[in-house]
Participant: 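Just passing along the structure, written as structure tokens.
Side-chain atoms are counted along with the backbone in the values below, which use heavy atoms only and exclude waters and symmetry mates. We're numbering straight along the sequence, starting at 1.
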Amino acid sequence: MLWLWVLLGLAQAQVLTIPELRERAYGEGGFRVERVLEERARFTRVQFSHLSEGFRVHGFANLPKGRGPFPVVVVLHGYVEPSRYRLLAYTTPYADFLAERGFLVLHPNYRGHPPSEGPPARGLRHPYAVDVLNLLAEVRKGAFPQADPARMALFGHSMGGGIAQVVSLVDPRLKGVVLYASMSGDERLNLERIRSWSQGRRGGELFTLPEEVLKAASPWTYLEGLSVPYSVHHGTKDAQVPPEWSFALCRRLKALGKPVECFAYPAGHLFRGEADRAFRERALAFLRRVLR
């Protein structure tokens, strides 16, 4: 249920539509490597930062050892209460798994998540998508000399999956997206989920928005123009994010003839054991294929 609270505090919500995001320019500069965090046998972990809407946003990067250039995967974490966020989040094991297999992995932590500056998103997740789009632009400008900016993909869990859907519709140069227990691409469904969990006490402000605004902010409105392949994974026992949201996305993409693969697991919101092993291998195979 935690991912829902990212959409609270809606009185000051910033609502960005997909067309508005497409009109923006990205890459505000200010990129720097802050410090080396860890040396491992196959990669070096560093903390980095860059500017996004004037805020200094941080993250970590796993840089494979070797000459490169290496394909890039951006791992997008789900909701963690911002005041309790730590740089090495719960999705770090996935970032390490991919780096050990030759991917340069970036793990941004979004604005408002310490040590990043700025307020956390108090409405839809689109300000976090702006942070990711600015990071992608920095990679294309040469922030990481070991990176191959022509080969970049996203890996998003829960809220991070929702962010990945937005970003992939704004940046068609991406080569692929892995969605893991993802939020819906229909913002109305996300808001209705909030109202259900809070018994109608929260989320009301965004329900006053015109329907056309919520529709214009929803990734699913623009799936017909999607050009980025998706790999969709969801647990059938997920009590936090309804698995039907991923299944509905798969049906829509298949009906549109879009490149998509879809997998269901007897698992909850975070996979464990055999489900997690199968998921990792399938995600790895997909990323190797689209980033070859």
Participant: Under 6.0 Å between ring centres: does that hold for H77 and H113?
Facilitator: yes
Participant: With ring-ring contact (aromatic ring centres under 6.0 Å, His included) as the criterion, how do F155 and Y94 come out once you've worked through the C-alpha distance, each side chain's angles and the decisive distance to 0.1 Å?
Facilitator: CA-CA 9 Å; F155 176 117; Y94 293 107; 5.5 Å; yes
Participant: In terms of hydrophobic clustering (I, L, V, M, F, W, Y; side-chain heavy atoms under 4.5 Å; direct or indirect links), are L104 and L87 co-clustered?
Facilitator: no
Participant: Is the backbone N or O of V167 less than 3.5 Å from a side-chain atom of D171, with the two atoms forming a donor-acceptor pair by type?
Facilitator: no
Participant: Does S116 reach the main-chain N or O of G112 with its side chain, forming a donor-acceptor pair under 3.5 Å?
Facilitator: no
Participant: Any donor-acceptor pair under 3.5 Å linking the side chain of S218 with the backbone of W220?
Facilitator: no
Participant: To the nearest 0.5 Å, tell me how far L179 CG sits from L76 CG.
Facilitator: 10.0 Å
Participant: Look only at the side chain of R101 and the backbone of F97, and say whether a donor-acceptor pair between them is shorter than 3.5 Å.
Facilitator: yes
Participant: Answer yes when E211 and R188 have at least one side-chain N-carboxylate O distance shorter than 4.0 Å, and no when they do not.
Facilitator: yes
Participant: Using a strict 4.0 Å threshold on nitrogen-to-oxygen distance, state whether R289 and E261 make a salt bridge.
Facilitator: yes
Participant: Check K258 against E224 and note the closest heavy-atom contact, atom names and distance.
Facilitator: NZ-O, 2.7 Å
Participant: Quick one: closest heavy-atom pair of A99 and F43, and the distance?
Facilitator: CB-CD2, 3.7 Å
Participant: Answer yes or no: is there a donor N or O on one side and an acceptor on the other, between the side chain of K65 and the main chain of R40, under 3.5 Å?
Facilitator: yes
Participant: Can you tell if the side chain of W245 reaches within under 4.5 Å of the side chain of V232, non-hydrogen atoms only?
Facilitator: no
Participant: Are F55 and P119 close enough that some pair of their side-chain heavy atoms sits under 4.5 Å apart?
Facilitator: yes
Participant: Find out whether E34 and V46 are in side-chain contact, i.e. whether some heavy atom of one side chain is under 4.5 Å from a heavy atom of the other.
Facilitator: no
Participant: Between S158 and Q240, does the side-chain hydrogen bond (donor to acceptor under 3.5 Å, both in side chains) criterion hold? Intermediate values first, please.
Facilitator: CA-CA 9 Å; S158 194; Q240 296 189 45; 5.9 Å; no
Participant: Within this structure, what is the CG-CG distance for the pair L174 and L154, rounded to the nearest 0.5 Å?
Facilitator: 4.5 Å
Participant: So, does E138 use its side chain to make a donor-acceptor pair with the main chain of G29 at under 3.5 Å?
Facilitator: yes
Participant: Side chains of H107 and T92: donor-acceptor distance under 3.5 Å anywhere?
Facilitator: no
Participant: Has R45 got its NZ or CZ under 6.0 Å from the middle of the six-membered ring of F60, at an angle within 45 degrees of the ring axis?
Facilitator: yes
Participant: Does the distance from a Lys or Arg side-chain N to an Asp or Glu carboxylate O, for D131 and R125, drop under 4.0 Å?
Facilitator: no
Participant: Just say parallel, tilted or perpendicular for the rings of H269 and H157, cut-offs at 30° and 60°.
Facilitator: tilted
Participant: Minimum heavy-atom separation for V290 and G176, please, with both atom names.
Facilitator: CG2-CA, 4.3 Å
Participant: With a sphere of 6.0 Å drawn around CD of E23, does it hold more than 12 non-hydrogen atoms of other residues, nucleotides or ligands?
Facilitator: no
Participant: Going from CG on L249 to NE2 on H234, what distance comes out if it is rounded to the nearest 0.5 angstrom?
Facilitator: 11.0 Å
Participant: Name the orientation class of the two ring planes belonging to F279 and Y180 (parallel below 30°, tilted from 30 to 60°, perpendicular beyond 60°).
Facilitator: tilted
Participant: Taking the side chain as every heavy atom from C-beta outward, state whether H50 and N134 have any atom pair closer than 4.5 Å.
Facilitator: yes
Participant: Quick check for you: to the nearest 0.5 Å, what is the distance between E281 atom CD and L284 atom CG?
Facilitator: 5.5 Å
Participant: L16 and V170: same hydrophobic cluster, using ILVMFWY side-chain contacts below 4.5 Å?
Facilitator: yes
Participant: Donor-acceptor pair, distance only, cut-off 3.5 Å: does the side chain of Y26 make one with the backbone of V132?
Facilitator: no
Participant: Just by distance, do the side chain of Y128 and the backbone of I163 share a donor-acceptor pair under 3.5 Å?
Facilitator: no
Participant: Are Y110 and Y85, when compared by the centres of their aromatic rings, separated by less than 6.0 Å?
Facilitator: no
Participant: Tell me whether the count of non-hydrogen atoms from other residues, nucleotides or ligands lying under 6.0 Å of NZ in K237 goes above 12.
Facilitator: no
Participant: Less than 4.5 Å apart, any side-chain heavy atom of F144 and any of L106?
Facilitator: yes
Participant: Taking D148 for its side chain and P71 for its backbone only, find out whether a donor-acceptor pair lies under 3.5 Å.
Facilitator: no
Participant: Is it possible for you to check whether R22 lies under 6.0 Å from the centre of the six-membered ring of Y222, through NZ or CZ, and within 45° of that ring's axis?
Facilitator: yes
Participant: Rounded to the nearest 0.5 Å, what separates atom CG in L287 from atom CZ in R282?
Facilitator: 14.5 Å
Participant: Does a salt bridge link R56 with E28, judged by any charged N lying under 4.0 Å from a carboxylate O?
Facilitator: no
Participant: N62 side chain to V105 main-chain N or O, any donor-acceptor pair under 3.5 Å?
Facilitator: no
Participant: Has R32 got its NZ or CZ under 6.0 Å from the middle of the six-membered ring of F48, at an angle within 45 degrees of the ring axis?
Facilitator: no
Participant: Taking all non-hydrogen atoms of both residues into account, name the closest pair between A216 and P19 and its distance.
Facilitator: O-CD, 3.7 Å
Participant: Could you walk me through whether E212 and K215 pass the salt bridge (charged side-chain N to carboxylate O under 4.0 Å, His left out) test, one step at a time?
Facilitator: CA-CA 5 Å; E212 60 268 23; K215 184 176 181 181; over 6 Å; no
Participant: Looking only at heavy atoms, what is the nearest atom pair of C262 and K254, with distance?
Facilitator: SG-CE, 4.1 Å
Participant: Can you see which heavy atom on V166 is nearest to which on A129, and at what distance?
Facilitator: CG1-CB, 3.7 Å
Participant: How long is the straight-line distance from CG of L133 back to CG of L21, given to the nearest 0.5 Å?
Facilitator: 7.0 Å
